[in-house]
Amino acid sequence: MTDDKLNLSKLKGKIVAIDGPAGSGKSTTARLLAARLGFTYLDTGAMYRAVTWYALKSGIDPAAGDKLGEMASTMPLEFTTKAEVNRVLVGEHDVTTDIRSPEVTLHVSEVSAHKSVRKAMVARQQQMGKKGSIVAEGRDTTTVVFPQADIKIYLDANTRTRAERRLLDLERMGINSSVEEQEADIIRRDKHDSGRTHSPLTKAEDAHIVDTSNLTIEGQVARIIELIRSVVK
Ligand code: DC
């Protein structure tokens, strides 16, 4: 599948939303897809991670919903692209790597489950997507943030494959772990993210389901481009 078969002018302004559990390949796929389409890439998980990082740094209890909600709507949070790498900034702090730390990962499910935090984040995400031409990924981008998205994808993969991918990501950041530890963490987070009261991870009725267990990154992107072509002719 080559990109020149995509009608980029027809795609302008469209919203592509990708949801799925941790390690399903959302981030890499969404980033590559956005680059191919010339769209903005919105990593909503990074936003919840940044809130969690800021809360831990400021000594705010991950259980304190009201305080966290207020912080989430007022904290300085910015995405930039430097040397083709997407960076996350909280004020003057570049937190791109820190938001992937085991400590943030441990607390992010609890922080992101608060209604007040979600309300603040969703408002910011919708603002960022106002002009369209965006690929957003997360847990509720197809259902809550952009229910009007032009193309909705639900990415999935088995837990072992997802754990292996997470382990590789951590190794690249110099963090030691094991596949067993990562698989246990993924199962824990799946349960939390799918079982919470506010905006749980669910498959939107009109989402295209793509199982990435046996797909390469290139294969995942190609499959989604194929889906986009079938929807936007
Ligand atoms: O995709 P990720 O692992 O970086 O996401 C981190 C956490 O943020 C994840 O455990 C659930 C939460 N999250 C969420 O609740 N809603 C989103 N749209 C994206 C992520």
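Each residue takes its place number in the sequence, starting with 1. For the numbers below, each heavy atom of this structure counts, side chains included, while hydrogens, waters and symmetry mates do not. Atoms within each ligand, like the ligands themselves, are counted from 1 in listed order.
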Q: Report the C-alpha distance between Asp190 and Arg196 in whole Å, list the side-chain angles of each, state the deciding distance to 0.1 Å, and finish with yes or no for salt bridge (Lys or Arg N to Asp or Glu O under 4.0 Å).
A: CA-CA 10 Å; Asp190 278 0; Arg196 69 185 175 212; over 6 Å; no
Q: May I ask you to check whether over 12 heavy atoms, not counting those of Tyr54, lie within 6.0 Å of atom OH?
A: no
Q.
Using a 4.0 Å cutoff against the non-hydrogen atoms of Gly138, which atoms of ligand 1 qualify?
A. 18 (N), 19 (C)
Q. Is the closest heavy atom of Glu137 to ligand 1 under 4.0 Å?
A. no
**Q.** Subset of ligand 1 atoms that lie under 4.0 Å from at least one heavy atom of Ser109
**A.** 10 (O)
**Q.** Atom indices of ligand 1 within 4.0 angstrom of Asp140 heavy atoms, with elements
**A.** 17 (C), 18 (N)
Q. Are Val108 and ligand 1 in contact, using a heavy-atom cut-off of under 4.0 Å?
A. yes
Q: Flag yes if more than 12 heavy atoms outside Glu205 fall under 6.0 Å of its CD atom; otherwise flag no.
A: no
Q. For ligand 1, is any non-hydrogen atom under 4.0 Å from Arg100's backbone (N, CA, C, O), its side chain (CB onward), both, or neither?
A. side chain
Q | Side-chain donor-acceptor contact under 3.5 Å, Arg49 with Thr105 | A | yes
Q) Is there a heavy atom of His192 sitting under 4.0 angstrom from any atom of ligand 1? A) no
(Q) salt bridge (Lys or Arg N to Asp or Glu O under 4.0 Å) for Asp206 and Lys152? Distances and angles first, verdict last. (A) CA-CA 7 Å; Asp206 47 353; Lys152 298 185 184 180; 3.2 Å; yes
Q: Test Asp140 against every option in Lys119, Arg118, Lys203 by the salt bridge (charged side-chain N to carboxylate O under 4.0 Å, His left out) rule and name the one that passes.
A: Arg118
Q | Atom indices of ligand 1 within 4.0 angstrom of Tyr48 heavy atoms, with elements | A | 8 (O), 13 (N), 14 (C), 16 (N), 17 (C), 18 (N), 19 (C), 20 (C)
Q) Among protein heavy atoms, which sits nearest to atom 19 (C) of ligand 1, and what does the distance come to when rounded to 0.1 Å? A) Thr44 OG1, 3.4 Å
Q: Please report which non-hydrogen protein atom sits nearest to atom 17 (C) of ligand 1, along with the residue it belongs to and the distance in Å to one decimal place.
A: Arg139 N, 3.3 Å
(Q) For Ser116 and Asp66, which I'm curious about, is there any donor-acceptor pair between the side chains at under 3.5 Å? (A) no
Q | Contact check, Arg166 vs ligand 1, heavy-atom distance below 4.0 Å | A | yes
Q. Does a donor on one side chain sit under 3.5 Å from an acceptor on the other, for Ser109 and Asp193?
A. yes
Q) Looking only at protein heavy atoms, which one is nearest to atom 12 (C) of ligand 1, and how far off is it? A) Ser112 OG, 3.5 Å
Q: Provide the number and element of each atom of ligand 1 under 4.0 Å from a heavy atom of Asp193.
A: 9 (C), 10 (O), 11 (C)
Q.
Students should be able to answer this: which protein heavy-atom is nearest to atom 20 (C) of ligand 1, and at what distance?
A. Gly45 CA, 3.5 Å
(Q) Taking a cutoff of less than 4.0 Å between a non-hydrogen atom of the residue and any ligand atom, is Arg196 in contact with ligand 1? (A) yes
Q: Could you tell me whether Glu164 atom CD has more than 12 heavy atoms of other residues or ligands within 6.0 Å of it?
A: yes
**Q.** Taking atom 4 (O) of ligand 1 as the reference point, the nearest protein heavy atom with its distance
**A.** Arg49 NE, 2.8 Å
Q | Nearest-contact summary for atom 10 (O) of ligand 1 - protein heavy atom, Å | A | Arg189 NH1, 2.9 Å
Q. Under 3.5 Å, is there a donor-acceptor pair linking the side chains of Gln125 and Thr44?
A. no
(Q) Please tell me whether Ser24 and Asp156 have a donor and an acceptor in their side chains that are separated by less than 3.5 angstrom. (A) no
Q. In terms of residue, atom name and distance, what is the protein heavy atom nearest to atom 16 (N) of ligand 1?
A. Arg118 NH2, 2.9 Å
